[in-house]
Amino acid sequence: MKSLTIFLFLMLVPCFCLSQMKTGTFSDLEIQQKEDPKPIMIHLYTDWCSVCRIEKFNLNKDKELVELINQHFYIINFEAEKTKENIRFLGKEYHYLSNGNSGIHELALALSKNKSQPVYPLWIILDKHGNLAEYHEGLFKPERLKKKLKEILE
């Protein structure tokens, strides 16, 4: 009984400590933008990137940041090397480029300034009209991201 109580406690702790960002998909984005235009955040990451995992944990810990994003932005988490479906974005269709056992999505290359190998994590933030508002390679600390998002909303 004691071990069951400990197990349940450990399972529920993350629910109270971390907030969740409401992430969407590229297919939903076009409809959402027509109904309620908002700035768009695209977070490119990979599952092997340790900085990406640290960043995700730190961003989800900041409740104010999560609320800001959920209320005023559309956010898409995009796994650049595992997403294999075709994606239509800003009027163009992008495909997965296989390279044997691995590969990369064309959209990740299109969004990145480094066309041969994007730097992860990569943040692309577009204003509600689709114009580039922020390009950020590498770790984006919560306070700096919050400041940038507030600037975009002004």
K.L.:
Given side chains that start at C-beta, do those of Leu126 and Leu132 come closer than 4.5 Å, heavy atoms only?
P.N.:
yes
K.L.:
When you look at Lys113 and Tyr135, which way does the side-chain contact (heavy atoms from CB on, under 4.5 Å) test go after all the steps?
P.N.:
CA-CA 9 Å; Lys113 289 182 180 176; Tyr135 180 94; 3.4 Å; yes
K.L.:
Supply the atom-to-atom distance Lys150 NZ to Lys146 NZ, rounded to the nearest 0.5 angstrom.
P.N.:
6.0 Å
K.L.:
Would a hydrophobic clustering, with Ile, Leu, Val, Met, Phe, Trp and Tyr connected at side-chain separations under 4.5 Å, put Leu90 with Leu122?
P.N.:
yes
K.L.:
Do Ile75 and Phe26 belong together in a cluster built from hydrophobic side chains that touch within less than 4.5 Å?
P.N.:
no
K.L.:
If every non-hydrogen atom of Lys82 is compared with every non-hydrogen atom of Asp47, which pair is closest and at what distance?
P.N.:
CE-OD2, 3.1 Å
K.L.:
State the CG-OG distance between Asn86 and Ser27, to the nearest 0.5 angstrom.
P.N.:
12.0 Å
K.L.:
Report yes or no: does Lys38 contribute a side-chain atom to a donor-acceptor pair with the main-chain N or O of Gln71 at less than 3.5 Å?
P.N.:
yes
K.L.:
Using the rule that Ile, Leu, Val, Met, Phe, Trp and Tyr join whenever any side-chain heavy atoms are under 4.5 Å apart, tell me whether Leu107 and Tyr45 fall into a single cluster.
P.N.:
no
K.L.:
Locate the shortest heavy-atom distance separating Glu106 from His95; write the atom from each residue and the value.
P.N.:
OE1-N, 2.6 Å
K.L.:
Could you go through Met41 and Ile152, starting from their C-alpha distance and side-chain angles, then the distance that decides it, and tell me whether this counts as side-chain contact (heavy atoms from CB on, under 4.5 Å)?
P.N.:
CA-CA 11 Å; Met41 300 174 65; Ile152 292 169; over 6 Å; no
K.L.:
Ignoring hydrogens and angles, tell me if any N or O in the side chain of Lys115 forms a donor-acceptor pair with the backbone of Leu109 under 3.5 Å.
P.N.:
yes
K.L.:
So how far is it from Asn60 CG to Gln20 CD, rounded to the nearest 0.5 Å?
P.N.:
5.0 Å
K.L.:
Can you tell me how far the CG atom of Leu145 sits from the NZ atom of Lys148, to the nearest 0.5 Å?
P.N.:
10.5 Å
K.L.:
Which distance, rounded to the nearest 0.5 Å, do you find between the OG1 of Thr83 and the CD1 of Ile104?
P.N.:
10.5 Å
K.L.:
For Leu139 and His136, work out which heavy atoms get closest and say how close.
P.N.:
O-NE2, 2.9 Å
K.L.:
So, for His43 and Phe140, is the gap between ring centers shorter than 6.0 Å?
P.N.:
no
K.L.:
Same cluster or not: Ile42 versus Phe73, using hydrophobic residues (I, L, V, M, F, W, Y) connected whenever any side-chain heavy atoms lie under 4.5 Å apart?
P.N.:
no
K.L.:
Using modelled atom types and a 3.5 Å cut-off, is there a donor and acceptor pairing between side-chain atoms of Tyr74 and backbone atoms of Gly24?
P.N.:
no
K.L.:
Taking all non-hydrogen atoms of both residues, which atom of Ser102 and which atom of Tyr96 are closest, and how far apart?
P.N.:
C-OH, 3.4 Å
K.L.:
Suppose the criterion is side chain to side chain donor-acceptor pair (under 3.5 Å): which pairs have a residue in residues 122-132, not counting sequence neighbours?
P.N.:
Glu55-Trp123, Asp127-Asn131
K.L.:
Can you list the steps and then say if Leu44 with Ser112 is a side-chain contact (heavy atoms from CB on, under 4.5 Å)?
P.N.:
CA-CA 9 Å; Leu44 281 82; Ser112 175; 5.9 Å; no
K.L.:
Any non-hydrogen side-chain atom of Leu153 less than 4.5 Å from a side-chain atom of Leu68?
P.N.:
yes
K.L.:
For atom CD of Gln32, decide whether the heavy atoms of other residues, nucleotides or ligands shown that lie under 6.0 angstrom number more than 12.
P.N.:
yes
K.L.:
Contact between His105 and Glu81 at the side-chain level, heavy atoms closer than 4.5 Å - yes or no?
P.N.:
no
K.L.:
Show your reasoning for whether side-chain contact (heavy atoms from CB on, under 4.5 Å) applies to Leu149 and Ile125.
P.N.:
CA-CA 9 Å; Leu149 296 180; Ile125 305 173; 3.8 Å; yes
K.L.:
Between Arg88 and Gly91, which heavy-atom pair has the shortest distance, and what is it?
P.N.:
NH2-O, 3.4 Å
K.L.:
Supply the atom-to-atom distance Glu64 CD to Ile69 CD1, rounded to the nearest 0.5 angstrom.
P.N.:
11.0 Å
K.L.:
Before accepting this row, confirm whether a basic side-chain N of the pair Lys147/Glu134 lies closer than 4.0 Å to the acidic partner's carboxylate O.
P.N.:
no
K.L.:
Give the minimum heavy-atom separation between Val66 and Leu59, together with the two atoms involved.
P.N.:
CG2-O, 3.6 Å
